[in-house]
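Every number for a ligand or one of its atoms is a count from 1 in the order of the listing.
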Amino acid sequence: MQFFRDLPLPVIGGRPGRDQVPPPATLVGVRNHEVGVERLLESFRAIPAGAPVRLAKKTSNLFRSRAATDAPGLDVSGLSGVISVDPQGRTADVQGMCTYEDLVDATLPFGLAPMVVPQLKTITLGGAVTGLGIESTSFRNGLPHESVLEMDVLVPTGEIVTARLDDPETAELFRAFPNSYGTLGYATRLRIELEPVEPYVRLRHVRFTDLTALQDTLAEITVDRVYDGVRVDYVDAVVFTETESYIVLGEQTAEAGPVSDYTDQHIYYRSIQHPEAQTPKEDLLTIRDYLWRWDTDWFWCSRAFGTQNPRIRRFWPKRWLRSSFYWKLIGLDKKYDIGDRLEARKGLPPRERVVQDIEVPIERTAEFVAWFLPTTGIEPVWLCPLRLRETGPSVEARKDQTGPALHPWTLYPLESDRSYVNIGFWSSVPIVPGEPVGAMNRRIEAEVAALDGHKSLYSESFYSPEDFAAMYGGDDYDRIKRRYDPDARLLGLYEKAVKEK
Ligand SMILES: Cc1cc2nc3c(=O)[nH]c(=O)nc-3n(C[C@H](O)[C@H](O)[C@H](O)COP(=O)(O)OP(=O)(O)OC[C@H]3O[C@@H](n4cnc5c(N)ncnc54)[C@H](O)[C@@H]3O)c2cc1C
């Protein structure tokens, strides 16, 4: 059934309910976008020379602390929508602070979706491009910045620069933007590629009792894009213990059927588990529920707030089952030190947060996980394979580039034709008296480096300046930073990612 594919017009109406995508979101339009940009520029000009420049933004998915400041931030209130969608060209012009929730609501009615949709609804397009989002399409579509065709960036001199990979003048800004975390400027508009999607995703949960077998199967699927004769459109994995892990395979389908609902009483990550190593468990979700399957319980992190207890969940308002609400609870915990106070009442030591996403070459996955599980006691762990994109305009454009950096993306070196696995873990461990601050996070950094891997910079980091420079762009970053931020109006990447506490 040609439900979504190649439809030029929004699909509205039909059977209301769980398999129906919402009506198209209101598009912002070019004129309103210009007004939003003007408001941003006015707020920039109002910041005294020499004062720090920061975003004034309602939501965040950054885990590291930011230094408190009374300085007025940049007004991005007019930059949170989708400007336009071109269903024929399969592109969208999107404002920098548009959340993926709003972006997906604007594209799904056309039967289209961004090439990579990070799991948390309030992650913004600008945030995912500058902070390296990842999801279960990353084995075929790479990371979110690889489907950006061009972007307008407010650079710290106050100009808006339109950066493109095929423009020699601005290509180095474009290539250094991913993983720059707002230290080179702020994206105000991004033109992105979209891909066609079907209304449903059929899932297979394949169980493994051995980490090496899991790793090897993941490596094959990442290259072949097929498992047991069936096409694979989406792939991620969850490790519960060394002897219980699952690869979750998704296939887009137009074929309707009874769909599961994990936005209410049932919990998605628990639905993956089953006893049969030989036979995969199957499931069907609407495309929208598939894209947001991890948001409802913030993977499994809602466990910490008691919402997985059926007696509590029954009375928990549904609108609070989303990652942005848990963020508010984390904010309260940080402000009032609630967790450590509760631990102290039980006579237990305070805890160190271990909230990280790291990535290693795929052949080192089992080694890392086998080290990580007993060392930290943290489970479950999320795995997501990724490869740099092999086709598409961004690949074509970078073939002609002979920039100073050896790799296409200056601040996060990944090799072409190589598979990696992102490994995410979001929990805490007891602090051992006498150990340095961040002892477990430091141990993880060392292990990741030993396995030829890298770490995302959204959370705490403890690298020395030398190690950091070697991993995240070094001299190339310094040169580009001097070019676009000669007066150091924005923090540097090391100051922001490692030093700012
Ligand atoms: C617990 C946890 C789990 C995570 N899991 C995932 C995951 O599974 N998948 C995934 O894809 N990502 C994940 N992330 C990472 C997340 O994608 C990045 O932190 C991303 O940068 C957050 O984007 P945001 O829009 O919320 O931006 P913010 O949190 O508001 O900002 C992040 C950084 O980006 C900068 N920034 C924001 N907007 C712009 C812009 N328009 N232009 C330039 N710079 C900008 C800010 O200055 C800041 O330094 C996770 C993060 C956390 C804390």
K.L.:
Quick one: pull up CZ in F174 and CG in D166 and give me the separation to the nearest 0.5 Å.
P.N.:
8.5 Å

K.L.:
So, is K496 polar-close to ligand 1, with some N/O to N/O distance under 3.5 Å?
P.N.:
yes

K.L.:
Considering only heavy atoms of G133, which atoms of ligand 1 have at least one such atom less than 4.0 Å away?
P.N.:
10 (C), 11 (O)

K.L.:
If you count the atoms of ligand 1 from 1 in the order shown, which ones are under 4.0 Å from a heavy atom of G185?
P.N.:
43 (C)

K.L.:
Is ligand 1 under 4.0 Å from a heavy atom in the side chain of L55, in the backbone, in both, or in neither?
P.N.:
side chain

K.L.:
Taking distance alone, with N or O pairs closer than 3.5 Å, would you say F177 contacts ligand 1?
P.N.:
no

K.L.:
Parallel, tilted or perpendicular, judged at 30° and 60°: which one describes the rings of F299 and W294?
P.N.:
parallel

K.L.:
Begin with the C-alpha distance, continue with both residues' side-chain angles, and end with the deciding distance and a verdict on ring-ring contact (aromatic ring centres under 6.0 Å, His included) for Y458 and Y181.
P.N.:
CA-CA 8 Å; Y458 69 72; Y181 280 90; 7.9 Å; no

K.L.:
Using 30° and 60° as the class boundaries, would you call the ring planes of F368 and F372 parallel, tilted or perpendicular?
P.N.:
parallel

K.L.:
Taking E101 for its side chain and K121 for its backbone only, find out whether a donor-acceptor pair lies under 3.5 Å.
P.N.:
no

K.L.:
Could you tell me whether some N/O pair between W426 and ligand 1 is separated by less than 3.5 angstrom?
P.N.:
no

K.L.:
Test of understanding: given a 4.0 Å heavy-atom threshold, classify the contact between Y186 and ligand 1 as side chain, backbone, both, or neither.
P.N.:
both

K.L.:
In ligand 1, which numbered atoms sit nearer than 4.0 Å to a non-hydrogen atom of F299?
P.N.:
8 (O)

K.L.:
Regarding atom 12 (N) of ligand 1: of the candidates I123, V129, D236, T122, which has the closest heavy atom?
P.N.:
I123

K.L.:
Heavy-atom distances under 4.0 Å are what count here, so tell me which part of Y458 touches ligand 1: side chain, backbone, both or neither.
P.N.:
side chain

K.L.:
Out of H454, E415, R387, which residue meets the side chain to side chain contact (heavy atoms under 4.5 Å, CB included) rule with Y420?
P.N.:
E415

K.L.:
At under 4.0 Å between heavy atoms, which part of T130 makes contact with ligand 1: side chain, backbone, both or neither?
P.N.:
side chain

K.L.:
With distance as the sole test, does R140 use its side chain to make a donor-acceptor pair with the main-chain N or O of D233 at under 3.5 Å?
P.N.:
yes

K.L.:
Can you confirm, on distance only, whether ligand 1 has an N/O atom lying under 3.5 Å from any N/O atom belonging to G127?
P.N.:
yes

K.L.:
Where does R54 meet ligand 1, judged by heavy-atom distances below 4.0 Å: at the side chain, the backbone, both, or neither?
P.N.:
neither

K.L.:
Side chain, backbone, both or neither: which part of M97 has a heavy atom under 4.0 Å from ligand 1?
P.N.:
side chain

K.L.:
What are the atoms of ligand 1, with element, lying closer than 4.0 Å to any heavy atom of G131?
P.N.:
21 (O)

K.L.:
Does a side chain donor of either E359 or Y412 reach within less than 3.5 Å of an acceptor in the other side chain?
P.N.:
yes

K.L.:
Check this for me - ligand 1, Q119, N or O atoms closer than 3.5 angstrom, yes or no?
P.N.:
yes

K.L.:
Please answer whether the main-chain N or O of A219 pairs with a side-chain N or O of S419 as donor and acceptor at a distance below 3.5 Å.
P.N.:
no

K.L.:
Evaluate V355 for polar contact with ligand 1, using N/O atom pairs at a separation under 3.5 Å.
P.N.:
no

K.L.:
If the cut-off is 4.0 Å to any non-hydrogen atom of W298, which atoms of ligand 1 fall inside it?
P.N.:
1 (C)

